[in-house]
Amino acid sequence: MFWHPLFLAVISSQFMALLLLLAACPAWLNTALNWDPLVADHQQLSLETKAEGASILGRAAFGLSLFSGVLLVFGIANIFHEDIPGAMCGTGVCQAMSADGSTRLLLYNGLLIMLMKLWYELDKLNRMLAQMPLTQISARLFLTIPVVATLTLKQTYDSFAGIRPNQPVDCCAVVYDQFSTIEQATSIFGLGDRMWLIAFIVLNTLLLIVSVALSVSRIDRPWERSALAAITWLWLPVAALILVNVLSAYHYEVLHHHCPWCLFLPEHHLVGYPLYGGMAFIGMEGLTLFILPLFVKHDTGIYPIALNLGRQAAKKIAMAQLLFLIIAVLPAIVWRLRYGVWMSG
């Protein structure tokens with residue numbers, strides 16, 4: 001077992017978040033079953049009080065989950081490799097975990113934060129009106145979260161239980177052994193880097209145009225929200241592939257070092273944090289602006305508020321995308337201006 005102090009902080013934060021979620025569950029379950037805003041009896045007033053308390057517990061759990069997620073990424077990228085022989089970045093830490101443990105670990109944590117973000121936005125929208133018309137929907141969504149939080153906590157423990165600090169790894173071999181020929185190193189899933197770059201440019205153009213158009217629009221066009229959400233989730237994997245397989249070379253100043261974790265290292269100016277953080281932010285905002293209006297489309301009182309929040313989310317997406325492009329692409333432009341060629345020739 002890998003009993004690092006930072007890992008203990010991660011697992012403790014996840015455990016405390018789970019306790020807060022479980023403490024809020026009885027109130028949300030009672031709310032989901034018995035909520036009736038048209039009645040003003042003692043039971044309903046008691047439900048409203050307990051629902052407010054459960055909302056506070058949920059928001060605290062969301063904060064703890066975000067905190068543990070950031071600690072986890074920071075530990076894998078910058079801290080844990082120091083205690084694993086042969087590891088020089090997060091790739092070595094992931095290699096030291098049990099088979100597929102790192103993949104499931106990141107997926108579970110990402111799913112948990114995404115669900116809690118969606119519930120948080122729904123709860124915030126609900127508290128904007130005195131009638132709280134979304135309370136039952138919010139309660140039902142909340143009741144799914146402790147299951148994911150439990151699985152996340154178990155996966156976090158299991159992943160780190162597979163680490164043997166006395167067993168060396170070779171993270172650079174993992175990166176370079178992916179390719180047996182230069183053609184494999186310059187292609188992604190059988191398509192050349194040039195094709196993926198064209199897709200990246202097209203998706204960035206569409207994402208910027210649609211997000212700006214939605215942020216300034218005052219007319220309800222559901223197809224715009226659907227299009228922006230679809231473009232966002234198409235953009236995410238393409239942006240991640242281009243960042244790791246093409247643009248990272250200009251940060252590392254070496255070709256074919258397709259390592260996502262090295263971007264988090266101080267020698268590369270910690271650019272992984274704003275880059276991957278921006279991508280996660282864009283993904284969650286894209287999901288929020290699409291789903292929130294669907295939850296409230298039959299409520300004429302709260303629907304305009306949800307649309308306004310969607311416009312704000314579109315504006316945030318455009319700003320986060322511009323930040324991502326500046327940090328990711330600027331080193332490539334500087335290289336081209338300095339040397340007159342791209343690194344790939």
Side-chain angles (χ1 to χ4, degrees), residues 62 65-66 69-70 73 103 106-122 124-125 141 148 188-189 191 195-248 260 263 271-297 303 305-329:
F62 179 42
S65 297
L66 277 176
V70 172
V73 171
T103 302
L106 297 174
L107 284 176
Y108 276 125
N109 276 274
L111 177 61
L112 175 62
I113 291 174
M114 185 175 65
L115 276 176
M116 296 202 71
K117 162 72 173 173
L118 185 59
W119 171 83
Y120 174 83
E121 293 294 340
L122 187 64
K124 182 173 71 174
L125 180 60
L141 177 60
V148 181
I188 307 171
F189 299 123
L191 295 177
M195 294 296 297
W196 286 99
L197 277 170
I198 293 173
F200 179 66
I201 293 170
V202 170
L203 286 172
N204 270 287
T205 304
L206 290 174
L207 183 61
L208 186 60
I209 291 173
V210 178
S211 60
V212 171
L214 183 58
S215 66
V216 300
S217 175
R218 290 297 176 263
I219 301 174
D220 179 24
R221 296 190 181 97
W223 66 268
E224 281 189 343
R225 295 194 305 274
S226 301
L228 182 55
I231 293 169
T232 296
W233 285 89
L234 284 174
W235 177 85
L236 283 173
V238 174
L241 289 170
I242 288 297
L243 176 62
V244 173
N245 290 49
V246 179
L247 297 176
S248 64
L263 290 169
V271 294
Y273 290 100
L275 289 173
Y276 289 104
M279 291 171 64
F281 180 81
I282 289 172
M284 288 191 290
E285 290 297 325
L287 183 68
T288 299
L289 69 85
F290 175 70
I291 290 184
L292 272 187
L294 291 181
F295 280 146
V296 300
K297 62 182 179 180
Y303 187 66
I305 302 175
L307 292 181
N308 187 52
L309 291 177
R311 294 186 190 101
Q312 294 178 21
K315 186 182 298 184
K316 293 174 185 176
I317 287 174
M319 296 173 64
Q321 181 198 3
L322 290 174
L323 178 63
F324 173 89
L325 290 175
I326 290 171
I327 298 175
V329 178

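A heavy-atom distance below 4.5 Å is not found between the side chains of Val246 and Phe200. You'll find the side chain of Leu214 stays beyond 4.5 Å of the side chain of Ile317, heavy atoms only. Within the 4.5 Å cutoff, no side-chain heavy atoms of Trp235 are placed close to those of Leu206. For the pair Met284/Ile113, a side-chain contact is recorded, criterion being any heavy-atom separation below 4.5 Å from C-beta on. A 4.5 Å side-chain heavy-atom check between Lys117 and Glu285 finds at least one atom pair inside the cut-off. For the pair Leu241/Trp196, a side-chain contact is recorded, criterion being any heavy-atom separation below 4.5 Å from C-beta on.
Between Gly286 and Trp233, the closest heavy-atom pair is C-NE1, 4.4 Å. In this structure, Gly283 and Thr232 approach most closely via the heavy-atom pair CA-CG2, 4.0 Å. Contact between Ser215 and Ala314 at its shortest, heavy atoms only, is N-CB, 4.0 Å. The heavy-atom pair separating Pro293 from Tyr303 by the smallest distance is O-CE1, 3.7 Å. Looking at every heavy atom in both residues, Leu307 comes nearest to Arg225 through CD2-NH1, 3.1 Å. Residues Leu203 and Val238 share a closest heavy-atom pair of CD1-CG2, 3.8 Å.
Residue-environment remark: CE (Met319) stays at or below the threshold of 12 foreign heavy atoms within 6.0 Å.
Atom CD1 of Ile231 is separated from atom CD1 of Ile282 by 12.5 Å, given to the nearest 0.5 angstrom. In this structure, CG in Leu125 is found 11.0 Å from OG1 in Thr288, a value given to the nearest 0.5 Å. Annotation: the span from Leu322 atom CG to Asn204 atom CG amounts to 9.5 Å, rounded to 0.5 Å. To the nearest 0.5 Å, atom CG of residue Asn308 and atom CG of residue Leu292 are 12.0 Å apart. Of the inter-residue distances, the one linking Leu243 atom CG with Leu263 atom CG reads 5.5 Å to the nearest 0.5 angstrom. Residue Ile305 holds its CD1 atom at 12.0 Å from NZ of Lys124, rounded to the nearest 0.5 Å.
Ser226 contributes no side-chain N or O that, together with a main-chain N or O of Trp223, makes up a donor-acceptor pair within less than 3.5 Å. Between the side chain of Ser217 and the backbone N or O of Ala213 there is no donor-acceptor pair closer than 3.5 Å.
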Exercise for review: Report the C-alpha separation of Leu228 and Leu207 in whole Å, then their side-chain angles, then the decisive distance to 0.1 Å, and conclude whether the side chain to side chain contact (heavy atoms under 4.5 Å, CB included) test is met.
Suggested key: CA-CA 7 Å; Leu228 182 55; Leu207 183 61; 3.6 Å; yes
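Relative ring orientation between Phe62 and Tyr120 is described as tilted, the plane-to-plane angle lying within the 30° to 60° band.
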